[in-house]
Each structure stands twice: as C-alpha cells, then as structure tokens.
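Taking it in order: structure first as structure tokens, then the write-up.
Just so we're clear, the structure is a prediction, and the values are computed from it rather than from any experiment. Residue numbers start from 1 in every chain, and the chains themselves are labelled A, B, ... in the order their sequence lines are given, proteins ahead of strands.
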Amino acid sequence: MDIASLTIDGIRASLLARRYSAMELAAEALRFAEAENPRTNAYLHFSPERAFYAARRVDERLARGEEPGRLAAVPVAVKDVIVTKGVRTTCGSKLLANYIPPYDATAVERLEQAGALLIGKTNCDEFAMGSSNENSAFGPVRNPVALDRVPGGSSGGSAAAVAQGTAVVALGSDTGGSIRQPASFCGVVGVTPTYGRVSRYGLTAFASSLDHIGPLARSVKEAATVLGVIAGRDARDATSAAAPVPDYTAGLDGKVKGLKLGLPREYLKELTSETGELIYAAVDDLKRLGCEVREISLPATDYAIACYYILATAEASSNLARYDGVRYTFRSGQTETLAEMYRNTRGEGFGAECKRRIMLGTYVLSAGYYDAYYLKAQKVRALIARDFADAFQEVDAIVAPVSPYPAFRLGEKMADPLAMYLSDIYTITGDLAGIPCMSVPCGKTASGLPVGMQILTRHFDETTMFRLADAFEAHSRAA
Amino acid sequence: MAPITRTTQGTAPAGVGALLRFPLNGLNFAINAMVTPVSTATMEESMSSSAAARYEAVIGLEVHAQLATATKIFCGCPTSFGAPPNTNVCPVCLGLPGALPVLNGAAVELALKAGLALHCSIRAQSRFARKNYFYPDLPKGYQISQYDEPLAERGHVDIVVEGQTKRIAVTRVHMEDDAGKSIHDGFKDSDRYSYVDLNRSGTPLIEIVSEPDMRSSGEAYAYLTEVKQVLQFIEASTCDMEKGHLRCDANVSVRLKGAAELGTKAEVKNLNSFRFLKQALDYEIARQVELVESGGKVMQETRLYNPETGETAAMRSKEHAHDYRYFPEPDLAPLRISAAWLEELRASLPELPARKRARFVAEYGLPEYDAEVLTATRAASDYFEAAARASGNAKMVANWVMGDLMGMLKAEGKEIAESPVSAAHLGELVKLISTGELSGKLAKEIFPKMFSKGQAAAEIAESEGLKQISDTGALEKVIEEVIAGNPKQVEQYRGGKTTVMNFLVGQAMKATRGQANVAVVTDLFKQRLG
C-alpha cells in the first residue's frame, strides 16, 4: 500500500474489500511515519499503542459487519498542544517535556470514536506561539516541499505530516493563523472553523478567546469530513456552540455560480509579489467558475496586528501562569526559595518567544495600562468584527491571501520578531472576528513553493466556504 | 481518574492522592519581623482614655462564604470535607493544560439567593474575571472571580447594637473559586518545604464586601453575626468557621470624631472566628489611635492577626504589593440572569432573621432577647414555631427551649435539628402543663426522660405512673389524712391564717409524690375547711 497517497475514501473501500486490515494499515503507517520523520522532524513522538488499539476496534467492527466509522483506520496526526490520554503532550516546551495527560481532548475523543488511528503528536512552536515552527524546544520542522525552508507555524508539524503523507489528515490549532499559514506553506488544505464550532476542551490554551482546533488535509473534502466529525457542542467547553452541524461533504456540490465574493482592498495594496500574482490568478479562476467578484473594504485592518498582539499576549500571560514548577512541569533544580523556584523554573523552561509574549501580556494588563491597551484593543476587535459583518451584507465569501510570502528559509526571520508578527496580517483578522476561514492551495511560485488562498465566510457558514474551496480545487486540479 | 504522571527529573513523583511539595522560604504571608508588636496593655497605660474617646474607628468587612453545593464551582468534583489529600480533584480543578471551567448552576442559585437576602440588586448580566497571581495552592495561576461586573450590588444589612438599629451598606456580592490549601507544618521537612492539597481548589465561594460603615468592633461583630445568620437561613452556606466555610478580612482606619476625611486604612487578615474578629479589631484600633496620637502615620498595608498573641503585624510590603491584572475570563460566557428565575428565587426565600425576630416579638409577645436567641438559626426558629403551634403557649415554649432543651443539647453537643425531643412532643408537654394536666414539677421530672428516650410526655407519665391526679375521689382521701395529721395548722387556718393553706397543699403534694393537681387540691381543702 502507498501510505503517502492514502485517502479517507480509499482506506474505507480497501477495508470493506478486505484488501488490508486496519491493524496492517496501522503497522505500515507507523513504520512509514517513523522512517520519514528524520527528514522533517514533523513528529515529536508516536503513539503505536493507541493506533493499534483503535485499529483492532475497527477490525472488530468490520468482522461483525458493523459500520467501522466515518474515519475508519485513517492515520491522523495531532498537534502536540492537544492533550492525549497516556500519550506525552509537550506543547513544544521544555516545561512539559515529560508531561503525560490523564485525559483526552474532546476532538481527539471524537476522532477515535469515528475510527481514526492516532499515529503521533506533531511538532509546533512552543505553546503555539510562532509563525515558523522555529520556536519549538525540540528543534524546528523542515518543510517537506523544500527542506531548507520553514513549514510555517505554529502547526508546522501537522502541515508537514500531511504534506509528507505520513498522516492522511491532522489536527492543528489556530490562534492567529497557525493552521492556515503552515497549510499555505506546505501546500495542503487548512481550516479554522467558527469560534465555538469545535470544543477547545483539551486544547492547551494560548489565547482562549482566539484559540481554535481545526483540520489539515490534502483535499477540501477530507478537511470537511474531519471537521464534521470533531464539530458540535461539548458540555465541557462553555464557549462551544450549540448550533447544529450540517453534513459538510453533502454541500460540496460545485454550485458556486452567482456566489458573491469580496476582495478586501486593504489586503491587496501591498501585495505585489509572486503571491499576489497567484492570488489574482485564482480570483480569475473563481470568476470563470461563475462567481461575482467585487472589491470590498475592511477599514479596521490597519489596527489588527496591534490589537491581536495585545489581546493574545494578555490572555497568554495568564494562561501560561500555571507552568510554575509546582505540579506537573519541569522544575528547576536550583531553588532554595519559592520565588527562586518560580523564577528559575520559568526562566529555564520557557523559550524566548513565550517569555516575550508573557512580558508583553503582563505589561498590557498592568494597573494603569489596562484601559489604554487591553480595553482599546477590545474595541478594535469589535470594529474588526463589524467590518466583516458589514462586508457579509454584500458578499457571501471573502477571498484573500494567507501570507504575504511563501515559505521562507530557516533562520531567515528569527532575528526580527516584529517582522514575524507583521506576516500574520491576513490571518489574524479571521480569528479576531471568530469567523470560519481556510487556506486552499492556489499554485506554486516559480521556485516551486506552494501558495494558499484564504476563504472567509459568515459565522457558522463553513458550508459555503467548503463549497467554494472544493469547486476551486476541482477546477485547479483539472487545469 | 488515572494518576498524573510527574514530569520532573529529580523531584518526588506527586499527583493524585499525594501531596505536592514546594520550597517554603519566602512565602508571601511571612510576618515582617521588623515590626515590633505593641501589646494592648502597654497602649492602654500610655494613652489616656480621653485620647481614645476622641477617635472613631471606620471598619469595612470582606466576608468569604463557601456555598453549600455538593460539587465544585467549575467541575463535578465533590466539595466534601476531609477526603485524603488531592483525591477530590480532576483536570479542571487541578488546572491541567487544556482543561476548561463550566459554571455550576447550583452555585449561581445560592449566590443569587445570598444577593437577594442581603437586599442587593442583581445584575441581569455579570461577568467572571481572572485575578492573576502566583501561589503554589493556586493551580491555574489565577483565580476566577468577578471584578467590575459582580453578580449583586448595593445591598444592606441591619444590625442592632445596644438597642439601636443601624444599617450597614453591602457594596457587592460576587462569586469566585477557592484555592487549594498549603500545609506548612507537620512534615519531617517542614522547615524547608510546604505541601499542597488541592481538594479545596475550585470550591464555590461568595465574597460579600461591605461599605466602611462600622464604627466599632461591636458593630463589626454584629454585622458578621447577621450575615452568617442570613446565609444559614437561606441555606446558601453552612458558615462553619472551623472548616473555613466563613472567613473574614477587615479594612480598618481611625479618625478624630467629626472628621470628614477617612484615615489611612490597614487590611487585617486571618479573622477566622468571631472572637478573633473582635480582638483583632480592638487591637488594631488601639494601635492606630496610639500611632496617630504620638505623631506617627498609619501605613496602608496588609496586617495579619496572630491569635496566639492577640496582635496584628504587617506582612512584608513588597510581597503584598499585588497587581492582579484582572481581565474578563474568556473561557466563560457572561452570566445572564433571567427576570423569571430571579422572581422564582425571590419567592422561594424563607423569612429572614431580622423579620422573624420582629414577628416573634409582635406575634408571640416574646422579649427581644428571647426572639434573638430563638432566631439564631433557622432550625431553632422552626423548632420553636412548631412547638409553639402545637402547645398554644408560645412564651412557655420559649422558656423550655431556651432553658431545659438547649441546656441538655449543649451538654450532649447536639444541634437542635438533632433534638431527641421533637417539636411536637415539647408542644404537647407545654400543652399538658397549660391545661393543668401536668404540674410544672412533674414536667421537669418527665422532660429528661423524654430527652433520653425520645418518647412523648404522656407515654412517659403513663409508664412511670406519673400522671397527675385530678380525680377528686382519690384526692379526698389524701386531704382527710393531711387534716387528721396536722390539727395545729388546721386550727390556725380556721382561725383566719389563710397562708397556712400553702403548707397543707404542700403536704398533700408530698403524699402524692407531686402528682396531685394543685388547683383541685386547693379547692378541696377550701371546701373541707371552709
């Protein structure tokens, strides 16, 4: 079997035709992933016990003639900020290097209930903070498309695993673009669903009001399938939505003729690179598919970066407080006093980017600064959300770039954190507004680097987003 | 739940069922040794009472009460007391990565009842906020509390001090989760390490903040008493101070009487009994007055009360200079309270202590003091009323409850709810006395037996042959014997010395072992000797 080109539907057909068993597939997938991993460092650790256990259950169901599950025997990789019972979950941090959670994230539970095989946990920027995966305490991930380049971040390992073919689909997390940007850099599909669509229970918090779990896949349909499995109300997450989950794959009917699309002026004004050319070409394709494209304005965009890096770091400074050396984290050996234990543990445990964000966040929440920073940023966030609401009065979906440029070289931007922050400009707005958004591949640069196009739709209208992305994908594959 | 695997090299494995250990030195509530405590005695000597009389204290209280829910505020763990360390825990109250809070509706209901009972306005929408600080028994690194949008605001508590009723304003009532418990003593390495038990982590609390409306330790004492009673009446909290279900901090300042401006306040912590509250406030007020009188300045600081010495001492200043960096809790949606729910709760509130006291005075003609004692707890007031209804003689019931019953309960360490004498039985006893079927003396003899056997008065009277003799036929014989045996007294009576009657009746009572009906005996003597 060719592991790297497996599909959800292909696996299902093979299982039903008894071409291989789930156990055989699990063994082969694990062998392949472990063999391939040294090239990219996409995985931090593998979970054979869980994969085999799940595979056996699928085989038993098949043997009894039962439905084996929507994701039967599908090898999945899960970002290491999403907790897995009995399987080490490091969040890319030295602080949690040996942490083994006693419970499963809801999304992981739902994947396994649908028959998926958890192959392993993927590398990421420490606590999901970064845009290149270079902030992992366990070494950077290399982009499987071009090994001297970054896979994007922070879900770099998940994007690389899917692009490399060691997992059919993967879970990532997105707070400011951490699913879409690596998907774009690695040439795969990456989806950030509506805030509240997928339970955050078991997602290690970076910035709670912005954190999302979402799928990465090699096709729109597979991403839609996975989202259908993990979406829906969860009583353990008070911010999860009760809205019913439609059958996303049933909506992939190619009917995009007459769909009104908006092209935000503010996202394109400085986009003159190859990325821009590919986006414009994609927009032309969408017009050929019968979509009506018009220019729209999202005037608060200029303030989005500042707004995001205030709110996200404020929440992060609080969310990361629990890694203090008292209980399950690494504890510095050099401590005589409580203050020293805190200082040394956190000083030795956190990487530079986490420290930077903890300091920023602590600062903006401090007495005397709260109103000027946090409160003002909340107001800007409301304006950004209103921009989108206004735009969706006119259009059904918004198309935009994902990143100003394709995958850059390892080390290229590490010296300039601000430049790294600024590269998030097109993705953070969707998170701030809490609307569904995704990256779908729209071509490659002359040097063969993938570029993704972003599609954003109304709250809980993932169906339109998937339909448009699927039609575009079919069109570009045919071309 | 499966045990949590420790991550750390070189440290002892710890997790569920075990205590967590951390270095002790530098705990932020260590008392500043630089502050020399001054004893109250010294101050009283050095300061003329006229100086003290020129000052008044200004006191506000922050009261924390544990809500009486079966489970914690943001998870399903039990709130039960006394379980082995770190066993009533789950990912949520342990603050494990990825765990999220889900608000316990029962806790909201009790907090709302408290807000209503303290006459607060309830916000249609309130919000939780994170209060950020580091401490080993705070597993998330922040407490989930409420900040600028609390559940309830602008209430009041009426207190009675020296016969005067005074209204103390309640600023706010808000909900929050409790931290775990640090244990600093009792381990081999307690000189170097402290231990943490997280069973209490996530227990639901309300904080009740008063305005600085109190002017003496007596007023503060009365306020805390009233708040405690209200919370117990509505069953929002057991207010068991020994278990830490009711805790109190005070903000104290002094100023010259008549001054418009407030003095600098000190926050006094660790006032975990009514006695400590009074002692600590008296000490702190005297300390501040003396300081001001001797030309010094009161520092704005947090002071810890030490029950061993009866003194307060400053905590290290740099460690209580907290900036809690409050911000809205993103894991919880704003809390919306529907008008319908609020009305339902308002209607379900029992009669509150203050009103009940007034009613007991008006309806049963009880003295203020009796009404106060009988409304001290809801159980006592319910017991009293049930017995009063059954007896038709509320005053006599009040005496029995406050006298014999409470005395015996206290001797056995029992609560009134556990009384072996039911309210119905006491009511019946009092009724028998009122109707003359039982003498007061007999009743006193019967009552301890009712207490030990849990039986009704009539039953005991029956089985012990203690029934009152009102049958004239049976009594006439006794009367004849008394007359025959005491000719001198009979003579005196006949000669006009009517007070001798008491002696004769006494003789008859003695002869019947107290079972004779006094009224009947008296009548019979009068008839026979008249």
Does any part of the side chain of B/V196, heavy atoms only, come nearer than 4.5 Å to the side chain of A/R327, both counted from C-beta? no
Can you tell me which of A/S208, A/A238, A/P101 forms the most heavy-atom pairs within a distance under 4.5 Å of chain B? A/S208
The single option from A/L375, A/V364, A/L365 passing side-chain contact (heavy atoms from CB on, under 4.5 Å) against B/F327: A/L365
As a test of understanding, state which of B/Y135, B/F134, B/Y193 forms a side-chain contact (heavy atoms from CB on, under 4.5 Å) with A/L338. B/Y135
Chain A contacts, top residue of B/P328, B/P139, B/A333, B/A99 (heavy-atom pairs, under 4.5 Å): B/P139
Which of B/P97, B/G141, B/G95, B/C75 touches chain A most, by non-hydrogen pairs under 4.5 Å: B/P97
Closest approach of [X] to [Y] (non-hydrogen atoms, all atoms of both residues):
{"X": "A/A367", "Y": "B/D323", "answer": "N-OD2, 2.7 Å"}
{"X": "A/T239", "Y": "B/L332", "answer": "CG2-N, 4.5 Å"}
{"X": "A/Y195", "Y": "B/P330", "answer": "OH-O, 4.3 Å"}

Rounded to the nearest 0.5 Å, what separation is found between the OG atom of A/S317 and the CZ atom of B/R130? 9.0 Å
Just by distance, do the side chain of B/Y142 and the backbone of A/R322 share a donor-acceptor pair under 3.5 Å? no
Distance-only polar pair, side chains of A/Y370 and B/R325, donor-acceptor under 3.5 Å: no
Counting only heavy atoms closer than 4.5 Å, note whether A/T89 contacts chain B via side chain, backbone, both or neither. neither
At a 4.5 Å cut-off on heavy atoms, which part of A/N319 comes close to chain B: side chain, backbone, both, or neither? both
Answer with side chain, backbone, both or neither: which region of B/N132 has an atom nearer than 4.5 Å to a non-hydrogen atom of chain A? side chain
